[in-house]
Colleague: 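Sending over a structure as C-alpha cells; questions will come in a sec.
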Amino acid sequence: IHGMLIARSGKLIMEEYFHGFHRNKAHDTRSASKSLAAVLAGAVIHSGSSLTVKSPVFETILGSSEKDGSKSESQPDKRRQNINLEHLISMSSGQDCDDGDSSSKGNESNMQDQQQQLDWYQYTMDLDMVREPGKKAVYCTAGMNLVGAVLTAATGRKLEDLFMELIAKPLQINHYYLNLSPTGQPYLGGGIYWLPRDFMKLGQLMLNKGTWNNQRIVSKEYAEKSISSIFQMQNKGYGYGWWSIKYPYKNRQVTAFFAAGNGGQIVMGIPELELLVAFYAGNYSHKTLMRIQQEFVPEFILPALK
C-alpha cells in the first residue's frame with residue numbers, strides 16, 4: 001500500500017503514506033483514470049456543447065457523410081452506426097474489444113503492441129462488430145480512449161484544454177501528468193498521474209451528485225447514472241466509467257461506487273454513509289490487488305465507522 005485516505009462528510013479525516021510516497025508525489029492511477037474519461041464527457045455535455053450521451057460516435061468523429069466509419073469495406077456492418085457515446089462510456093459498444101481475451105483485436109495489449117496503425121482512435125474505429133451496441137458490457141480500454149476523439153470532434157478543442165478548463169481548474173487540480181498515445185493525444189484508457197488528494201476529488205464530485213464547491217461540473221442526472229449499475233460486468237455493476245458493489249453494514253447493505261486500476265488504485269464512495277476512501281498501491285498484476293475492495297473496506301473500514 002502506497003497511500004490510504006479517508007474522508008467523511010466532505011472532510012479528510014485520515015491520510016497516510018508508505019514506502020516513500022507522500023501527498024505531493026503524483027501516483028499512477030492506471031485504469032482508475034478511465035472514470036475521468038466519463039466525468040470529462042459529462043462535463044463537456046454540461047458545458048453547453050451539442051454533445052449528448054446519445055450522440056453517434058462515427059458521425060460525430062467523421063461527419064455525417066461517413067457514418068459507417070469505414071470506407072474500405074464494400075458492405076460495412078451497419079451496427080457500428082448505432083454506437084453512441086453512452087455505449088463507449090459504459091463499455092457496451094459491441095465491438096471486438098475485450099481486454100480479458102488475448103485473441104480480441106481490440107484487446108489493449110494487442111492495440112498497443114501492433115505497429116501498423118499508430119492512430120489508436122482509427123484502430124478502434126476499424127474494429128469489427130461482434131454484437132449489437134448496448135447488449136452487453138465487456139471491459140474495453142480502447143473504447144474508453146475513443147471517448148477522447150468524440151469530445152474533441154464535438155467541440156473542436158484539444159482534449160488537454162477541455163480537461164484543464166472543465167475539470168482541473170474548477171476542482172483546483174494543478175499537478176498532474178496526462179499519459180499520451182503515439183499520435184500525441186491524451187490517453188483516456190488509463191495511466192494518468194495525479195496527486196492522491198486530487199484524484200479523490202472525482203469521487204467527491206460523484207458523492208456531491210455532480211458539484212464541487214457549489215459549482216456544477218456534470219448534471220445531477222449524469223452523475224447518478226455514472227455510479228448506477230447499468231450493466232453487470234465481472235460480477236460488479238458498471239455505469240458510466242464507475243464500478244459499483246454492495247457491502248454488508250450494520251444488518252443492511254450499502255452500495256459503493258468506485259474507480260479501480262491495476263495495482264490497487266481505488267477511489268470509492270458510499271453515498272449513504274457520506275464516505276470516501278482512496279487507496280494507492282503497487283500490487284501490479286498480482287492477486288492481492290483486489291484485497292482493498294474485498295477485504296480492507298468491508299472488514300476494517302466499515303466496522304470502524306460510528
Colleague: I need the full list of ring-ring contact (aromatic ring centres under 6.0 Å, His included) pairs touching residues 19-50, with sequence neighbours left out, sorted by first then second residue.
Modeller: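 Only His2-Phe21, His2-His27, Phe21-His27, His27-Tyr280 qualify under ring-ring contact (aromatic ring centres under 6.0 Å, His included).
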Colleague: Partners of Lys11 by salt bridge (charged side-chain N to carboxylate O under 4.0 Å, His left out), sequence neighbours excluded?
Modeller: none
Colleague: For Pro56, give me all partners under side-chain contact (heavy atoms from CB on, under 4.5 Å), at least two apart in sequence or on another chain.
Modeller: Glu59, Thr60
Colleague: Tell me, which pairs form a salt bridge (charged side-chain N to carboxylate O under 4.0 Å, His left out) where one or both residues lie in residues 279-300, sequence neighbours left out?
Modeller: Arg291-Glu295
Colleague: Enumerate the residue pairs fulfilling ring-ring contact (aromatic ring centres under 6.0 Å, His included) with a member in residues 210-230, sequence neighbours excluded, ordered by first and then second residue.
Modeller: Tyr222-Tyr240
Colleague: Taking salt bridge (charged side-chain N to carboxylate O under 4.0 Å, His left out) as the cut-off, I'd like each qualifying pair that reaches into residues 134-148, sequence neighbours left out, listed once.
Modeller: none
Colleague: Return the set of residues passing side-chain contact (heavy atoms from CB on, under 4.5 Å) with Thr124 (not counting sequence neighbours), or none when no residue passes.
Modeller: Gln95, Met111, Leu127, Ala142, Leu146
Colleague: Let me have the donor-acceptor pairs involving side chains of residues 261-273, under 3.5 Å, with sequence neighbours excluded, atom names and distances please.
Modeller:
from   : atom 1 : to     : atom 2 : distance (Å)
Asn262 : OD1    : Ser285 : N      : 2.8
Asn262 : ND2    : Ser285 : OG     : 3.2
Gln265 : OE1    : Ala281 : N      : 3.1
Gln265 : NE2    : Asn262 : O      : 3.0
Gln265 : NE2    : Ala281 : O      : 2.8
Glu272 : OE2    : Arg252 : NE     : 2.8
Glu272 : OE2    : Arg252 : NH2    : 3.2

Colleague: Quick test of your reading: applying ring-ring contact (aromatic ring centres under 6.0 Å, His included), list the pairs with at least one residue in residues 154-182, sequence neighbours left out, ordered by first then second residue.
Modeller: Phe163-Tyr176, Phe163-Trp194, His175-Tyr177
Colleague: Looking at residues at least two apart in the chain, or sitting in another chain, which of them share a side-chain contact (heavy atoms from CB on, under 4.5 Å) with Ser104?
Modeller: Asp96, Asp98, Asp101, Asn107
Colleague: Can you list every pair that meets salt bridge (charged side-chain N to carboxylate O under 4.0 Å, His left out) and has a residue in residues 150-168, with sequence neighbours left out?
Modeller: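 For residues 150-168, and leaving out neighbouring residues, the salt bridge (charged side-chain N to carboxylate O under 4.0 Å, His left out) pairs sorted by first residue read Arg157-Glu165.
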Colleague: Restricting to side-chain hydrogen bond (donor to acceptor under 3.5 Å, both in side chains), what partner residues turn up for Ser226, sequence neighbours left out?
Modeller: none
